[in-house]
*Asks:* 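Below you'll find the structure I mean.
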Protein chains: 2
Amino acid sequence: MKLGEGVEAAIHCAATLASVDGNSTMPGAALAESFGLSPSYLLKHLNMLTASGILESVPGPAGGYRLARAAERITLLDIVLAIEGREPAFRCGEIRRNGPVKIDASAYVKPCGINAAMLKAERAYRAALAEVKLSDIVADYAAEGDPRSFAASCAFVERHQRRQKPSSTNQA
Amino acid sequence: MKLGEGVEAAIHCAATLASVDGNSTMPGAALAESFGLSPSYLLKHLNMLTASGILESVPGPAGGYRLARAAERITLLDIVLAIEGREPAFRCGEIRRNGPVKIDASAYVKPCGINAAMLKAERAYRAALAEVKLSDIVADYAAEGDPRSFAASCAFVERHQRRQKPSSTNQA
DNA sequence: GCAGACCTACTCGGATATCCGTTGTCCGAGTTCACTTGG
DNA sequence: CCAAGTGAACTCGGACAACGGATATCCGAGTAGGTCTGC
């Protein structure tokens, strides 16, 4: 029962990316600098978020990352599952079958009650995470957080975000 | 977000121990055999349960393990915390402070909103586990489980449990 | 002056080492039962 | 015949390796922009 450190980094990065303009991007190196993390390692987590469809990546000198959809449609559960994997934490190994007395498989058609209880608890965990949207995190930070810290974050984002083809043909 | 294998073993062993008589004990080797586990490794987990006050251990040839209190007063949460540790799965590293712009510590008196959301979800998880008592697991197993498997388990327990005050040396 | 091609710089992405935790195993401390032996 | 001492066997407990995954790092593929050259 231990979450990797990447989860915290991923959520912070996603919250930061929620503050960038429409289709602008922010390089991974800037995000790493923003939190004092290793750029090379953060790339791995950002890549996982991209693979899960939470972020979009743009290559090239003016490239970077941006949210793949609105912050209101991204929950903490999405990010946690993207980093930690979608399979449940408790995996029933069916050790009840491994005893010395071998019984026919028909005796185990019913799912293990222990497994059911553990999965039920995990559903509660995931439900609680699914209720928190990324926009809630940002709004809470803007409202409850210290104004100095919030202003510094906004300035950092403004300084490092890169606009994607401001007057190009592909503009919707 | 991954629980160790020992959690499943610990819950199964605790449920098995709930079926032994009042102050009788069952050796760890018998429990390991009951689930096809490594005896040496299971001892480590049983020892953790003992250290947490869930089990009691009796040394000596007629020794073994037994529940330290009634099965109605043992929850799945107790067992999970005993094996996995009591600290929460999400540990806020306060990476928001590690940015390039150093801000006075007074800006971070408020707890991190992300940390609050993650801990809230974990409280829901633990609350769900705390609602399931070990006696519920046993009762569900007796009621819903296959009669053959249940009978085999009872026979196994009956064959391996050791009474602490043997008044008769009747052994098959 | 302008268009095209080339070159550079910057980005992400995956492949590669390193470190820590869980897994798995072993041997030692302690206790109770059974046997032996002396009264 | 009975009781105390002795030995042994069985138990738990903690200390000692081995594997796997998370952590951390580096180098390569790809792209956009800037620059140079020819027209």
Side-chain angles (χ1 to χ4, degrees), chain A residues 1-10 13 17 24-33 36-52 55-66 83-85 87 89 91 93 95 160-170, chain B residues 1-10 13 17 24-33 36-52 55-66 83-85 87 89 91 93 95 160-169 171:
Chain A
M1 193 60 181
K2 191 178 64 175
L3 277 71
E5 295 193 9
V7 174
E8 184 182 8
C13 288
L17 289 174
S24 298
T25 62
M26 194 166 171
L31 288 168
E33 183 188 1
L37 300 173
S38 167
S40 304
Y41 187 38
L42 184 62
L43 264 288
K44 177 185 284 287
H45 295 311
L46 294 175
N47 192 12
M48 289 180 180
L49 293 178
T50 304
S52 298
L55 299 185
E56 281 179 352
S57 66
V58 177
Y65 292 94
R66 71 183 156 210
I83 301 296
E84 294 289 325
E87 56 193 55
R91 299 144 296 163
I95 62 174
H160 285 281
Q161 70 178 354
R162 311 282 174 80
R163 287 189 171 76
Q164 295 299 311
K165 297 183 178 180
S167 61
S168 177
T169 59
N170 188 8
Chain B
M1 194 60 185
K2 193 180 62 174
L3 275 72
E5 299 256 340
V7 174
E8 183 182 8
C13 288
L17 289 174
S24 298
T25 62
M26 195 168 169
L31 289 168
E33 184 189 0
L37 300 173
S38 168
S40 304
Y41 187 37
L42 185 63
L43 263 288
K44 180 186 282 285
H45 296 311
L46 293 175
N47 192 11
M48 289 179 180
L49 293 177
T50 304
S52 298
L55 300 185
E56 282 179 352
S57 67
V58 176
Y65 292 94
R66 70 183 157 210
I83 300 295
E84 293 289 324
E87 57 193 54
R91 298 144 295 164
I95 62 174
H160 284 282
Q161 69 179 355
R162 310 284 175 80
R163 291 192 168 73
Q164 292 305 303
K165 291 181 180 178
S167 57
S168 66
T169 62
Q171 182 69 18

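Heavy-atom basis, side chains included; hydrogens, waters and symmetry copies ignored. Throughout, a chain's letter reflects where its sequence line sits, starting with A, and its residues are numbered from 1.
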*Asks:* Nearest of C/dT23, D/dA32, D/dT23 to any side-chain atom of B/His45?
*Replies:* C/dT23
*Asks:* Any side-chain N or O of B/Tyr41 below 4.0 angstrom from OP1/OP2 of C/dT25?
*Replies:* no
*Asks:* Figure out the CE/P separation between A/Met26 and C/dC10, and round it to whole Å.
*Replies:* 17 Å
*Asks:* For the pair A/Glu84 (side chain) and B/Met1 (backbone), establish whether a donor and an acceptor sit closer than 3.5 Å, ignoring hydrogens and angles.
*Replies:* yes
*Asks:* What's A/Lys44 touching, base or sugar-phosphate or nothing? Going by heavy atoms closer than 4.0 Å.
*Replies:* base
*Asks:* For the pair made of CE in B/Met1 and C1' in C/dT22, what is the distance, rounded to whole Å?
*Replies:* 17 Å
*Asks:* Does the side chain of A/Ile83 come within less than 4.5 Å of A/Leu49's, by heavy atoms?
*Replies:* yes
*Asks:* Nearest-Å distance, CG (A/Leu43) to P (C/dC10)?
*Replies:* 16 Å
*Asks:* Less than 4.0 angstrom between a side-chain N/O of B/Ser57 and OP1 or OP2 of D/dG13, yes or no?
*Replies:* yes
*Asks:* Nearest whole Å is fine: how far is C/dT25 C1' from B/Leu37 CG?
*Replies:* 15 Å
*Asks:* With heavy-atom distances below 4.5 Å as the criterion, would you say the side chains of B/Ile95 and A/Glu8 are in contact?
*Replies:* yes
*Asks:* Taking the side chain of B/Pro27 as its heavy atoms from C-beta onward, which of C/dG13, D/dC12, C/dT31 lies nearest to it?
*Replies:* D/dC12
*Asks:* Let me know the distance between CG of B/Leu46 and P of D/dC12, rounded to the nearest Å.
*Replies:* 8 Å
*Asks:* Figure out the CE/P separation between B/Met48 and D/dG13, and round it to whole Å.
*Replies:* 13 Å
*Asks:* Compare the minimum distances between each of D/dG13, D/dA9, D/dT23 and the side chain of B/Tyr65, then state the nucleotide with the smallest one.
*Replies:* D/dG13
*Asks:* Whole Å only: how far is the CD atom of B/Glu8 from the C1' atom of C/dT23?
*Replies:* 15 Å
*Asks:* Below the 4.0 Å mark, does D/dT23 have OP1 or OP2 next to a side-chain nitrogen or oxygen of A/Ser38?
*Replies:* no
*Asks:* Do you know the tightest heavy-atom contact between B/Gly28 and B/Leu42?
*Replies:* O-CD2, 4.0 Å
*Asks:* From D/dG13, C/dG13, C/dT31, pick the nucleotide closest to the side chain of A/Asn47?
*Replies:* C/dG13
*Asks:* Tell me whether B/Arg91 contacts the main-chain N or O of A/Gly4 through its side chain, where contact means a donor paired with an acceptor under 3.5 Å.
*Replies:* no
*Asks:* Starting at the 5' end of DNA chain D and moving along, which residue's nearest nucleotide shows up first, B/Ala62 or A/Leu42?
*Replies:* B/Ala62
*Asks:* Can you tell me how far P of D/dA22 sits from CZ of B/Arg91, to the nearest Å?
*Replies:* 13 Å
*Asks:* In terms of the nearest nucleotide of DNA chain C, which residue is placed more toward the 5' end: A/Ala29 or B/Pro59?
*Replies:* A/Ala29
*Asks:* At under 4.0 Å between heavy atoms, what does B/Ser40 touch on the DNA or RNA strands: base, sugar-phosphate, or nothing?
*Replies:* base
*Asks:* For C/dT11 and A/Arg162 - does any side-chain N or O of the residue sit under 4.0 Å from the phosphate oxygens OP1/OP2?
*Replies:* yes
